[in-house]
K.L.:
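Quick one: the structure is below, questions incoming.
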Amino acid sequence: MRCVITVVGKDMVGILAKVSSICADCNVNILEVTQSILQDMFCMIMLADTTQATVDFTTLADQLENCGKDNGLSIHAMHEDIFNSMHKI
């Protein structure tokens, strides 16, 4: 299964490293990354493969959300199918 991870917050050093470390620790493969800095706001979307993950999806999502809370960021993970359904016209 693939999931979409979004990160939004004030730009600072190490955001990508923190999120990718959580993914690596959970054996989640990052397939694609796009990020932008809008003035002082950091925005990133990742597409990740959770097929070989060592934790269930809820645990991964909770770890990412907690990382966001600890760093003043909004980090969300959702199944790719849900993301696609939400963004269809």
Side-chain angles (χ1 to χ4, degrees):
M1 178 200 78
R2 298 190 317 181
C3 72
V4 175
I5 301 168
T6 59
V7 182
V8 178
K10 186 166 175 50
D11 187 33
M12 65 181 156
V13 173
I15 297 173
L16 179 59
K18 288 176 174 114
V19 174
S20 61
S21 290
I22 292 170
C23 290
D25 290 346
C26 296
N27 203 41
V28 170
N29 188 31
I30 299 169
L31 303 172
E32 291 187 46
V33 177
T34 183
Q35 65 183 39
S36 295
I37 308 297
L38 306 170
Q39 294 184 1
D40 66 342
M41 293 297 292
F42 178 88
C43 304
M44 178 171 67
I45 300 174
M46 301 174 117
L47 181 62
D49 181 359
T50 59
T51 306
Q52 302 296 319
T54 55
V55 298
D56 62 31
F57 181 76
T58 303
T59 301
L60 172 65
D62 289 346
Q63 287 182 17
L64 290 166
E65 186 174 339
N66 289 335
C67 175
K69 288 178 184 174
D70 292 345
N71 292 281
L73 303 165
S74 173
I75 303 178
H76 297 284
M78 68 177 70
H79 292 273
E80 180 185 32
D81 293 341
I82 293 171
F83 182 86
N84 288 334
S85 294
M86 290 174 53
H87 295 89
K88 281 186 181 177
I89 296 177

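This chain uses plain numbering: 1 for the first residue, then up along the sequence.
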K.L.:
Can you find a heavy atom in the side chain of Met12 that is under 4.5 Å from one in the side chain of Phe42?
P.N.:
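The answer is no, as the side chains (C-beta and beyond) never meet within the 4.5 Å cut-off.
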
K.L.:
Hydrophobic cluster membership, with links at side-chain heavy-atom distances under 4.5 Å among I/L/V/M/F/W/Y: are Ile45 and Val8 in one?
P.N.:
no

K.L.:
Taking all non-hydrogen atoms of both residues, which atom of Leu73 and which atom of Lys10 are closest, and how far apart?
P.N.:
CD2-O, 4.0 Å

K.L.:
Measure the CD1-CD distance between Ile15 and Gln35 for me, rounded to the nearest 0.5 Å.
P.N.:
8.5 Å

K.L.:
Does Val13 belong to the same Ile/Leu/Val/Met/Phe/Trp/Tyr cluster as Ile37, with side-chain heavy atoms less than 4.5 Å apart forming each link?
P.N.:
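Different clusters: Val13 never reaches Ile37 through Ile, Leu, Val, Met, Phe, Trp or Tyr contacts under 4.5 Å.
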
K.L.:
Go through it in stages, so that I can follow the logic: the residues are Val4 and Leu47, the test is side-chain contact (heavy atoms from CB on, under 4.5 Å), and I'd like the CA-CA distance, side-chain angles, deciding distance and then a yes or no.
P.N.:
CA-CA 5 Å; Val4 175; Leu47 181 62; 4.2 Å; yes

K.L.:
Which heavy atom in Ala48 sits nearest to a heavy atom in Ile5, and how many Å separate them?
P.N.:
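What the structure gives for the nearest pair is CB-CD1, 4.3 Å.
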
K.L.:
Same cluster or not: are Leu60 and Leu16 linked, directly or through other Ile, Leu, Val, Met, Phe, Trp or Tyr residues, by side-chain heavy atoms under 4.5 angstrom apart?
P.N.:
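Yes, it is one cluster - the side chains of Leu60 and Leu16 are joined through contacts under 4.5 Å.
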
K.L.:
Side-chain heavy atoms nearer than 4.5 Å, only ILVMFWY residues, links allowed to pass through others: does that put Met41 and Met44 together?
P.N.:
no

K.L.:
I'd like to know if Met78 and Ile22 are part of one continuous hydrophobic network [Ile/Leu/Val/Met/Phe/Trp/Tyr, side-chain heavy atoms within less than 4.5 Å].
P.N.:
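No, it is not one cluster - the side chains of Ile22 and Met78 are not joined through contacts under 4.5 Å.
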
K.L.:
Give the minimum heavy-atom separation between Ile30 and Val33, together with the two atoms involved.
P.N.:
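That closest heavy-atom pairing would be CG2-CG2, 3.4 Å.
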
K.L.:
Looking at every non-hydrogen atom in both residues, tell me the closest pair between Ala17 and Ser20 and how far apart they are.
P.N.:
O-OG, 3.3 Å

K.L.:
So, applying side chain to side chain contact (heavy atoms under 4.5 Å, CB included) with Met46, which one of Val19, Thr6, Thr34 is it?
P.N.:
Val19

K.L.:
So, does Ser36 use its side chain to make a donor-acceptor pair with the main chain of Cys43 at under 3.5 Å?
P.N.:
no

K.L.:
Rounded to the nearest 0.5 Å, what separation is found between the NZ atom of Lys69 and the CG atom of Asp62?
P.N.:
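The CG atom of Asp62 is 8.5 Å from NZ of Lys69, to the nearest 0.5 Å.
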
K.L.:
Grab the two heavy atoms, one from Phe57 and one from Cys3, that are nearest each other, plus how far apart they are.
P.N.:
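Here Phe57 and Cys3 meet closest at CE1-CB, 3.6 Å.
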
K.L.:
Answer yes or no: is there a donor N or O on one side and an acceptor on the other, between the side chain of Asn27 and the main chain of Gln52, under 3.5 Å?
P.N.:
yes

K.L.:
Pick one: which of Leu31, Val28, Thr51 meets side chain to side chain contact (heavy atoms under 4.5 Å, CB included) with Arg2?
P.N.:
Leu31

